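What you see is a predicted model, and the numbers here were worked out from it, not measured in a lab. All values below come from the heavy atoms of this structure, side chains included, with hydrogens, waters and symmetry mates left out.
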Amino acid sequence: MSPQPAPAPLLIACALGIEQFALRAGERGGAGGPVTVLRTGMGPRAAERSVTRVLADPALAGAAVLATGFCAGLAPGMHPGDLVVAEETRDPAGTVPCVGTDLLVKELVRTVPGRTVHTGPLTGSDHVVRGQERSDLLTTGAIAVDMESAATLLSAVRTGERPVAAVRVVVDAPEHELVRIGTLRGGISAFHVLRTVLPAFYEWHRSLLLPRR
């Protein structure tokens, strides 16, 4: 009997130490293959460098890549702790379509009951977005913004064909900007949500390993 091929690995990329801590605090068994949680550092250039470097490792050949962490919501009515599942990521360097969005939404609804899950384009920025700039980005059709997801996914697909996705937790929104009173509460809410999402990521990853009919 010929040996079974090794399961494809999963790379989960986030920018900040607090995001990495939340993800590791929520780690449990059940992934469909080896899982690496990468802290890229803040900003698109740091994300590009880190992801490109890590994916050069033969052990991560063909790895699925999922960008996660916190984001700023752009649409009125969004709240800290809401989830954003990207249908695509976009920035001036390019647009990357995401894989398995519907499954991620389904699994997040099951894994984090009571939390609102938004879907739509996730746009990139090289700085924290506030005020009028937030409104301007909303007119492009984007529903949320962060500094690393677009660079992470673009770097991932440039290194080879692979499934990619992005899931972010809203930490501030039009009515809940970081500069306002209540920021700490919003950050704590987003942290607790982020530490619960890994089972949904693992289900997404496992679905990629199933034979296609």
Trainee: Does the side chain of Asp82 reach to within under 4.5 Å of the side chain of Val169, using non-hydrogen atoms?
Mentor: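 No, too far: nothing below the 4.5 Å cut-off.
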
Trainee: Do the side chains of Arg134 and Asp172 get close enough for a salt bridge, i.e. N-O under 4.0 angstrom?
Mentor: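 Result for this pair is yes, salt bridge flagged.
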
Trainee: My understanding is that only residues two or more places apart in sequence, or in another chain, count here; which of them pass salt bridge (Lys or Arg N to Asp or Glu O under 4.0 Å) with Glu107?
Mentor: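 If we apply the salt bridge (Lys or Arg N to Asp or Glu O under 4.0 Å) test to Glu107, skipping adjacent residues, the hits are Arg110.
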
Trainee: With the 4.5 Å side-chain cut-off for hydrophobic clustering, are Val51 and Met42 part of the same group?
Mentor: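 No; Met42 is not reachable from Val51 via cluster members.
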
Trainee: How long is the gap from CG on Leu137 to CZ on Arg90, to the nearest 0.5 Å?
Mentor: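 So the gap between those two atoms works out to 10.0 Å.
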
Trainee: Thr159 side chain to Ala156 main-chain N or O, any donor-acceptor pair under 3.5 Å?
Mentor: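 The answer is yes, because a donor-acceptor pair under 3.5 Å joins these two groups.
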
Trainee: Indicate the atoms forming the closest heavy-atom contact of Asp91 with Ala150, along with that distance.
Mentor: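 Nearest heavy atoms, Asp91 then Ala150: OD2-CB, 3.7 Å.
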
Trainee: Is there a continuous path of hydrophobic side-chain contacts, each under 4.5 Å between heavy atoms, that joins Val35 to Leu55?
Mentor: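 No, separate clusters.
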
Trainee: Could you tell me whether a side-chain N or O of His79 sits under 3.5 Å from a main-chain N or O of Gly77, the two making a donor and an acceptor?
Mentor: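 Looks like yes, one N/O pair under 3.5 Å.
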
Trainee: Say whether Leu66 and Leu83 are linked into one hydrophobic cluster, either directly or through other cluster members, by side-chain heavy-atom distances under 4.5 angstrom.
Mentor: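 Same cluster.
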
Trainee: Taking side chain as C-beta onward, heavy atoms only, is Val193 less than 4.5 Å from Arg115?
Mentor: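 They are in contact (side-chain heavy atoms under 4.5 Å apart), so the answer is yes.
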
Trainee: When you compare the side chain of Glu203 with that of Lys106, does any pair of heavy atoms fall below 4.5 Å?
Mentor: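 A side-chain contact is absent here, since even the closest heavy-atom pair is not under 4.5 Å.
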
Trainee: Where the side chain of Thr68 meets the backbone of Val167, is there a donor-acceptor pair that is under 3.5 Å apart?
Mentor: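 Confirmed, Thr68 side chain pairs with Val167 backbone.
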
Trainee: Can you tell me how far OG1 of Thr152 sits from CE of Met147, rounded to the nearest 0.5 angstrom?
Mentor: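 It is 11.5 Å, given to the nearest 0.5 Å.
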
Trainee: Of all heavy-atom pairs between Pro34 and Ala8, which one has the smallest distance, and what is that distance?
Mentor: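 Of all heavy-atom pairs spanning Pro34 and Ala8, the closest is CD-O, 4.2 Å.
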
Trainee: Under 4.5 Å between any side-chain heavy atoms of Leu38 and Ile12, yes or no?
Mentor: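 They are not in contact (no side-chain heavy atoms under 4.5 Å apart), so the answer is no.
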
Trainee: Could you walk me through whether Leu153 and Val164 pass side-chain contact (heavy atoms from CB on, under 4.5 Å), step by step?
Mentor: CA-CA 6 Å; Leu153 268 55; Val164 294; 3.7 Å; yes

Trainee: Given side chains that start at C-beta, do those of Arg195 and His192 come closer than 4.5 Å, heavy atoms only?
Mentor: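 They are in contact (side-chain heavy atoms under 4.5 Å apart), so the answer is yes.
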
Trainee: Go through the steps to decide whether Asp136 and Thr139 satisfy the test side-chain hydrogen bond (donor to acceptor under 3.5 Å, both in side chains), and finish with yes or no.
Mentor: CA-CA 5 Å; Asp136 293 342; Thr139 65; 5.5 Å; no

Trainee: Measuring from atom CG of Leu60 to atom CZ of Arg53, what distance do you get when rounded to the nearest 0.5 angstrom?
Mentor: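 Between Leu60 CG and Arg53 CZ, I get 10.5 Å after rounding to 0.5 Å.
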
Trainee: Ignoring hydrogens, what is the shortest heavy-atom contact between Cys71 and Ala144? Give both atom names and the distance.
Mentor: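 The pair with the smallest heavy-atom distance is SG-CB, 3.9 Å.
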
Trainee: Do Arg168 and Glu19 come close enough that some side-chain heavy atom pair is under 4.5 Å?
Mentor: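 When only atoms from C-beta onward are counted, Glu19 and Arg168 do touch, with a gap below 4.5 Å.
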
Trainee: What about Leu11 and Phe21, same hydrophobic cluster or not, with Ile/Leu/Val/Met/Phe/Trp/Tyr joined at side-chain heavy-atom distances under 4.5 Å?
Mentor: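 Different clusters.
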
Trainee: If I take atom CZ from residue Phe70 and atom CG from residue Leu194, how far apart are they, to the nearest 0.5 angstrom?
Mentor: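 If we round to the nearest 0.5 Å, Phe70:CZ and Leu194:CG are 5.0 Å apart.
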
Trainee: Within the distance-only criterion (no hydrogens, no angle test), does the side chain of Asp57 pair as donor or acceptor with the backbone N or O of Val54 below 3.5 angstrom?
Mentor: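 Judged by distance alone, no pair lies under 3.5 Å.
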
Trainee: Tell me if a side-chain donor or acceptor on Glu48 pairs with a main-chain N or O of Ser155 at a distance below 3.5 Å.
Mentor: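 No, Glu48 side chain to Ser155 backbone: no donor-acceptor pair under 3.5 Å.
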
Trainee: Calculate, to the nearest 0.5 Å, the distance between atoms CG and CD belonging to Leu122 and Glu148 respectively.
Mentor: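 Answer rounded to 0.5 Å: 10.5 Å.
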
Trainee: Give me the atom names and distance for the closest heavy-atom approach of Pro199 to Thr196.
Mentor: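 Here Pro199 and Thr196 meet closest at CD-O, 3.3 Å.
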
Trainee: Could you walk me through whether Cys14 and Gln20 pass the side-chain contact (heavy atoms from CB on, under 4.5 Å) check?
Mentor: CA-CA 6 Å; Cys14 61; Gln20 185 182 47; 3.8 Å; yes

Trainee: For a 4.5 angstrom cut-off between non-hydrogen side-chain atoms, does Leu10 reach Thr36?
Mentor: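 No, every pair of side-chain atoms sits at 4.5 Å or beyond.
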
Trainee: Please find the pair of heavy atoms, one from Ile143 and one from Gly120, that lie closest to each other, and give the distance.
Mentor: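 Closest approach of Ile143 to Gly120: CD1-N, 3.5 Å.
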
Trainee: Rounded to the nearest 0.5 Å, how far apart are NE2 of His118 and CG of Leu74?
Mentor: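 Those atoms lie 11.0 Å apart.
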
Trainee: Tell me the closest heavy-atom pair linking Leu104 and Ala200, and the distance in Å.
Mentor: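 Closest heavy-atom pair between Leu104 and Ala200: CD2-O, 4.0 Å.
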
Trainee: Starting from Trp204, can I reach Leu23 by hopping between I/L/V/M/F/W/Y residues whose side chains sit under 4.5 Å apart?
Mentor: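 Cluster IDs for Leu23 and Trp204 match.
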
